Amino acid sequence: MNEHMGKDIPPKEIKLSPDCELRFEVENSNETVYLELKSGIAEIFGTELVKGKTYTFTTGAKIAVFTWQGCELIVRTKKDTSYIAKETPMMFYLNCHCCLEQLRQKAEDNDTKGPITVIVGPSDVGKSTLSKILLNYAVRMGDSSRRPIFVDLDVGQGHISIPGTIGAMIVERPASVYDGFPQIAPLVYHYGYPGVQQNPKLYDDIVTQMADLVHQRMESSKKVKSSGVIINTIGWVKARGYQHLTHVVQAFKVDIILVLDQERLFNELVRDMPSFVKVALLPKSGGVVERSQTTRAEARNCRVREYFYGTPSNQLHPHMFDVKFSDVKIYQISSPTQADFAPIGTKTDNYVVKLLPEQKMTKILHHILSVSHASSDEEKVNATNIAGFVCVTKVDVDRQLLTLLSPQPKPLPNTILIISDIQFVDNR
């Protein structure tokens, strides 16, 4: 980011009292907010701000600058929509961190697994934000000995990878204000849809596979083992959605459930969970913004665009190349409702993995394809993690060619590709 931008806009000095936060949202493409910490200590979702540095926020940014001790901020914007909140749930979140840290220390002393924590609640209550805060606080500890695993099971947004996937990664350093946590070889599984309802059996299966690998990874490092796991979940909490949540608890062997802003869900979990699973009810932040379906779709598209082109502070330059139909195997993992692929008599909860016929290649235009680590055995396609993604930008049936947008140049690291229902139209 260019730290000298915005100097021509008159500055507004804002003084925040202890335990208060400045909230603002950048809604329009022609709006930009420039923020600087003048004095004191402040943080954005657990990431400390650097004094004297200018932070630039553009369309879609939803920011809360919190201070424990008090601070002075300088804000430059043509249209000021910010406000100061004097009541926040941050003390509740800090108490959660302190409890988790005590359990991590105990686990480190006894060479046992640290707390495995899942954050649950309906959509738009701040689950991913709380995940980020707790992870940031963990790795900001003075001795820097914490290496928690972050697991993102929210296929609708994709905080580790892109929408339509679940992912896990070890967090070693605090998140960047702009780009989130540094990602070093995250573990990602293909799901292929923005909602769990579209293939519930497949979702539960890859959650189980992810849980098994996360537990294996914990055993490979004492720091990771004692640091535990933070799990972000879907916002579907009723009926079948509740069953998915209980499956997550069982698969990951969860110790602690943090319920955001829903007493009914809290009471149901207290009733149904074994006594060794601790369930706590937490308030949501007043700064949480409820998103429309259109806003969610735009966020998914933005997340995919960032995968290929990066962010303003970390720009990427993807490649475009052709591959022959015959050089790749493209699989569809379908639910029974998709009649083109479902065999007669398939049970409702099942799914089928099938090679895409060449005559249907035109149907994958603008679709994201996951590049699988799987071999040619189609039974293992759904059970194998993925290397990355490409986007189909053109299908030439006459020449039998696919034109792919890829983060790396040709050739592909593998020839097994899996169709995602997520689409991306590259307008660049």
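Predicted, not measured: the structure shown is a model, and the values here were computed from it.
- Between atom CD1 of residue I116 and atom CG of residue L100 there is a gap of 12.0 Å, rounded to the nearest 0.5 Å.
- Side-chain atoms of H319 do not come within 3.5 Å of backbone N or O of Q408 as any donor-acceptor pair.
- Between the side chain of K127 and the backbone N or O of P122, at least one donor-acceptor pair lies under 3.5 Å.
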Legend entry - Q105/D109 under side chain to side chain donor-acceptor pair (under 3.5 Å): CA gap, chis, key distance, verdict: CA-CA 6 Å; Q105 188 60 55; D109 295 341; 3.1 Å; yes
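- A 4.5 Å side-chain heavy-atom check between T246 and E268 finds every atom pair outside the cut-off.
- For F92, the CZ atom counts as loosely surrounded, since its 6.0 Å shell holds 12 or fewer non-hydrogen atoms of other residues, nucleotides or ligands.
- Other residues, nucleotides and ligands place no more than 12 heavy atoms under 6.0 Å from the CZ atom of R399.
- Within a 6.0 Å sphere centred on NZ of K410, other residues, nucleotides and ligands contribute more than 12 heavy atoms.
- Formation of a donor-acceptor pair under 3.5 Å by the Y203 side chain with backbone atoms of L153 is found in this model.
- The side chain to side chain donor-acceptor pair (under 3.5 Å) test with Y137 singles out one residue from H97, K132, E43, R146, and that residue is E43.
- Of the N and O atoms on the side chains of E306 and T311, not one donor lies less than 3.5 Å from an acceptor on the other residue.
- The two atoms that bring V277 and M273 nearest to each other are CB-CB, 4.1 Å, heavy atoms only.
- With hydrogens and angles disregarded, no donor-acceptor distance shorter than 3.5 Å links the side chain of Y307 to the backbone of P407.
- Considering CD1 of I416 and CG of L369, their distance stands at 12.0 Å, rounded to 0.5 Å.
- Exactly one of D19, I133, N95 qualifies for a side chain to side chain contact (heavy atoms under 4.5 Å, CB included) with M90. That residue is I133.
- Under the 3.5 Å distance criterion, the side-chain polar atoms of D261 are left unmatched by any main-chain donor or acceptor of V125.
- Evaluated for a salt bridge (Lys or Arg N to Asp or Glu O under 4.0 Å) with D124, the options R296, K62, K284 yield exactly one hit, R296.
- When atom types are taken as modelled, the side chain of D111 and the backbone of K222 share no donor-acceptor pair closer than 3.5 angstrom.
- Atoms OH and OG1, from Y178 and T47 in turn, are 12.0 Å apart once rounded to the nearest 0.5 Å.
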Inset, instruction - Show your working on side chain to side chain contact (heavy atoms under 4.5 Å, CB included) between H159 and F181 and close with a plain yes or no. - result: CA-CA 10 Å; H159 298 286; F181 293 104; over 6 Å; no
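- Note: S372 OG to Y331 OH = 9.5 Å, rounded to the nearest 0.5 Å.
- Contact check for D179 versus S313: side-chain heavy atoms found under the 4.5 Å cut-off.
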Legend entry - Residue pair M361, V397: steps toward the side chain to side chain contact (heavy atoms under 4.5 Å, CB included) verdict: CA-CA 8 Å; M361 285 291 191; V397 177; 5.7 Å; no
Inset, instruction - Go through the steps to decide whether L245 and I257 satisfy the test side chain to side chain contact (heavy atoms under 4.5 Å, CB included), and finish with yes or no. - result: CA-CA 10 Å; L245 292 180; I257 303 176; over 6 Å; no
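- Taken to the nearest 0.5 Å, the OG atom of S128 stands 8.5 Å off from the CZ atom of F45.
- Shown here is E87, whose CD atom has no more than 12 heavy atoms of other residues, nucleotides or ligands within 6.0 Å.
- Among all heavy-atom pairs drawn from C71 and L37, the shortest one is CB-CD1, 3.8 Å.
- For the residue pair Q216/D212, the side-chain donor-acceptor check at 3.5 Å is not satisfied.
- Around atom CD of E219, more than 12 heavy atoms belonging to other residues, nucleotides or ligands sit under 6.0 Å away.
- No side-chain heavy atom of V155 sits under 4.5 Å from any side-chain heavy atom of Y193.
- Contact record, F321 with P409: CE2-C, 3.9 Å, taken as the closest heavy-atom pair.
- Side-chain contact between E298 and T294 is present, with at least one heavy-atom pair separated by less than 4.5 Å.
- Closest approach of V151 to A168, counting heavy atoms only: CG2-CB, 4.0 Å.
- Two residues are said to be in side-chain contact when any heavy atoms from C-beta on lie closer than 4.5 Å; L265 and Y242 meet this criterion.
- In this structure, R303 contributes its side chain and S161 its backbone to a donor-acceptor pair below 3.5 Å.
- For the residue pair T393 / D426, no side-chain donor-acceptor distance below 3.5 Å is found, with atom types taken as modelled.
- Screening I63, V288, V289, T88 for a side chain to side chain contact (heavy atoms under 4.5 Å, CB included) with R23, the sole residue that qualifies is T88.
- The nearest pair of heavy atoms linking P18 to W68 is CB-O, 3.3 Å.
- Note that OG1 of T32 and CD1 of I9 are 7.0 Å apart. Values are rounded to the nearest 0.5 Å.
- Within the 4.5 Å cutoff, the side chain of I330 has heavy atoms near those of the I419 side chain.
- Using modelled atom types, no side-chain atom of N414 and backbone atom of V371 make a donor-acceptor pair closer than 3.5 Å.
- Remark: side-chain polar atoms of S227 are paired, donor with acceptor, to backbone N or O of R147 under 3.5 angstrom.
- When atom types are taken as modelled, the side chain of Y191 and the backbone of V196 share a donor-acceptor pair closer than 3.5 angstrom.
- Considering only heavy atoms from C-beta on, V65 stays 4.5 Å or farther from Y55 through its side chain.
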Inset, instruction - Before giving the answer on side chain to side chain contact (heavy atoms under 4.5 Å, CB included), spell out for L213 and N385 the whole-Å C-alpha distance, their side-chain angles and the decisive distance to 0.1 Å. - result: CA-CA 11 Å; L213 288 176; N385 60 308; 5.7 Å; no
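- Of the charged side-chain nitrogens involved, none lies within less than 4.0 Å of a carboxylate oxygen, so that E31 and K78 do not count as a salt-bridged pair.
- The two residues H247 and D204 make their nearest non-hydrogen contact at NE2-O, 3.0 Å.
- Counting heavy atoms from C-beta on, the side chains of F57 and V177 come closer than 4.5 Å.
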